[in-house]
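Structure, as structure tokens:
Predicted model, so just to flag it, every value in this text is computed and none were measured. A, B, ... follow the sequence lines: proteins, then strands. Residue 1 opens every chain.
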There are 2 protein chains.
Amino acid sequence: MATIYDVSVLAGVSLATVSRVMNNNTKVSDKTRQKVLDAMASLGYRPNTIAQSLASNCSNSVGVLVSQLDGPFYGPMMTEIETTLRTANKHVIIAAGHAQESQEKDSVEFLISRGCDALILDVEAVSDEYLIELYKGKTPIVLINRYIEVMKDNCVFLENERGGFMATDYILSLGHKDIAYISGPMYKGDARDRLQGHQRALSQHGIMFDPALWYEGNFREFGGEEGMRHLLSLNKKFTAVVCASDQMASGAIAACMEKGLKVPDDISIIGYDNIPFPQYIYPKLTTVSNPINEMGKMAALWVLKNIYHDTNVKVDCSFTPKLYVRDSAK
Amino acid sequence: MATIYDVSVLAGVSLATVSRVMNNNTKVSDKTRQKVLDAMASLGYRPNTIAQSLASNCSNSVGVLVSQLDGPFYGPMMTEIETTLRTANKHVIIAAGHAQESQEKDSVEFLISRGCDALILDVEAVSDEYLIELYKGKTPIVLINRYIEVMKDNCVFLENERGGFMATDYILSLGHKDIAYISGPMYKGDARDRLQGHQRALSQHGIMFDPALWYEGNFREFGGEEGMRHLLSLNKKFTAVVCASDQMASGAIAACMEKGLKVPDDISIIGYDNIPFPQYIYPKLTTVSNPINEMGKMAALWVLKNIYHDTNVKVDCSFTPKLYVRDSAK
DNA sequence: CTGTTAGCGCATTCAG
DNA sequence: CTGAATGCGCTAACAG
């Protein structure tokens, strides 16, 4: 592999000059520039990014930590992050935290020691305090899907309470009065916020929230299935179920089918997230959007702007959910 | 950030000794080792991996190139790759090729210039010749989901023809005679292989393959929907549809629902891939497995064994599909 | 077993 | 505008 030195020899210039044309910061005369370019071309020269990083103290790589790489959720987000960062010639180094505190911390350490210029974090197990500490550290971080007041400029988030409200509000507008709720796990902020929105919608319509009709799920299909079975076993009346995720809604629908209940004829169901797949579930899922992909993109843009000083970029870090009316509620 | 030098001073030893305890290759006396360890701890020392890479000419990072990061397909694969490599303290750098030749090539260049010690590639747009050229190059590569004879030791693949055979064979065993087929795009090897397996099963049962009952899809939901609509518009008799992917099968089921056709009562459908989601689709999808996650893991193990010389690992690169009988065919 | 000495490939002063 | 010199933090001979 040719080095900058080989190029300089072939071009008959100094090392520094070659470096200059690569980074075209300083002025180089067109003539010498061309000589260097020619030399690089004829040698098939490609800069050694490792050496660049060491010398410049900038790795051009950003670490991305998510809970999981699979599932309908993080894929689209990763796609946007990768695409956005790559057009700016930055590398994406990934790590998965698997929603476990120790693994999330390990991963952060890992990414920092890797010399990432910044970290994009979508973490759930780790405490606010830990993140604030990190925030004060040397490696800049952006949070996706999490809002912490003292570092709000580094947060990209969805207005979950509002989305929770919208979902239930829509169900109420359909005339339902007895509404069950399958939430995410309460240790997660977004699950709490969505539930809160649900409750606000209820009370705004003068309806009391009935804790018996609330099942704490896990955001996954299976949680929805379990939740629905549980609710059905209660022998309490309800005509609609609001689910805090599409995956749980899918599971809930499956559980209904299993019991011979028709959706939406016998029971209405609404999801949350608007992930791609449930559009192909029967019936098509009515839901509220969680534009996770756009949030990923925004986080990447944030990094481009604040770390790599790309001035052509503007970032707006608060996202508003949107209602998607399809066939699973009536 | 403390450097190896700071540690050496505090521990009262030389640079080299510190380096030795880090990489514990050469013998170091327990006493000095402990001194160094203490010094590292009290300084909160963390090695600069960039510098390590430059000096050792080993980046400890492996590049992973897939078509897409989202979808039900690559997520599980990435998860396994990341998990496997990370336990060995290797970094995963990702890139997406989006099934386009130029982007796939760009990504490969990108990953190579990043100094990856090896590349794991799941590419589709690029030619065999290109890959063989790459194979001869300096950076080792492993192929997932692709078999090229001359570099077969670097391939991790599924026996797609066999899976195609299994799916159709099962449908035939159910008594179906008139069977439609929605394939993947013919420029993809796995699509061709699956179709070939389908045809072999047919002919083995003395049934002629009817090209009119074949629709060339795109492996995605929408392709399945389109395909089913097309087949239905033909006014030709068929009682079962074999789909070359679960996503297309999902789309096909949706199209049936739309026309008021019941699956499996009016029409049987079988998929391919055994992705997680369709288990929650109604009816649950009968399918043939494509253990993409295991293949990802195997590719990672291959790298560990062949590049990082981990001897505790054994790799077996050929995977056999398996039939999963559920509810969508009878 | 441990210390000394060169680089790895490049960016970046500082002169000229 | 260009060249020479220095160092990023670490590994890897080579001595001792």
note: B:R33, atom CZ; C:dC1, atom P; distance rounded to Å ~ 10 Å

Here the residues of residues 41-56 of chain A within 4.0 Å heavy-atom distance, strictly under, of DNA chain D are A:L54, A:A55

Regarding the side chain of A:S29, the nearest nucleotide among D:dC1, C:dT12, C:dG3 is D:dC1

When rounded to whole Å, the OH to C1' distance for the pair A:Y5 and C:dA11 reads 18 Å

Of the listed D:dT2, D:dC10, C:dC10, the closest approach to the B:I4 side chain comes from D:dC10

Report task. Look at B:T17 and C:dG3 and indicate whether a side-chain polar atom (N or O) is within less than 4.0 Å of OP1 or OP2. Result -> yes

Here the salt bridge (charged side-chain N to carboxylate O under 4.0 Å, His left out) pairs for residues 65-84 of chain A, sequence neighbours left out, are A:E82-A:R86

Here the distance between atom P of C:dT4 and atom CG of B:L15, to the nearest Å, is 9 Å

Main chain of B:T79, side chain of B:T83: is a donor-acceptor contact present, judged purely on distance under 3.5 Å? yes

Which of C:dG9, C:dC14, C:dT4 is nearest the side chain of A:R20? It is C:dC14

ask   = Is B:V18 touching bases, backbone alone, or none of the nucleic acid, heavy atoms closer than 4.0 Å?
value = nothing

Residues at least two apart in sequence or cross-chain that pass salt bridge (charged side-chain N to carboxylate O under 4.0 Å, His left out) with B:E149, listed by chain then number, are B:K152

N or O in side chain of A:S14 less than 4.0 angstrom from D:dT2 OP1/OP2 | no

Exactly one of B:I141, B:V303, B:L111 clears side chain to side chain contact (heavy atoms under 4.5 Å, CB included) with B:I120, and that residue is B:V303

A:D30 CG to D:dT2 C1', in whole Å, measures 15 Å

Residue pairs passing the ring pair (Phe, Tyr, Trp, His ring centres under 6.0 Å) test with at least one member in residues 77-126 of chain A, sequence neighbours excluded, are A:H91-B:F110, A:F110-B:H91

If each end axis of the helix from C:dC1-D:dG16 to C:dG16-D:dC1 is fitted on five C1' pair positions, the angle between them, to 10 degrees, is 30°

Residue set satisfying side-chain contact (heavy atoms from CB on, under 4.5 Å) with B:S59, at least two apart, ordered chain then number -> A:I50, B:S53, B:S61, B:D117

Residues at least two apart in sequence or cross-chain that pass salt bridge (charged side-chain N to carboxylate O under 4.0 Å, His left out) with B:D106, listed by chain then number, are none

For residues 294-305 of chain A, the side-chain hydrogen bond (donor to acceptor under 3.5 Å, both in side chains) pairs (sequence neighbours left out) are none

Donor-acceptor list for residues 36-47 of chain B side chains, cut-off 3.5 Å, not counting sequence neighbours:
{"unit_1": "B:D38", "atom_1": "OD1", "unit_2": "B:Q34", "atom_2": "NE2", "d": "3.1"}
{"unit_1": "B:S42", "atom_1": "OG", "unit_2": "B:A39", "atom_2": "O", "d": "3.3"}
{"unit_1": "B:R46", "atom_1": "NH1", "unit_2": "A:E109", "atom_2": "OE1", "d": "3.2"}

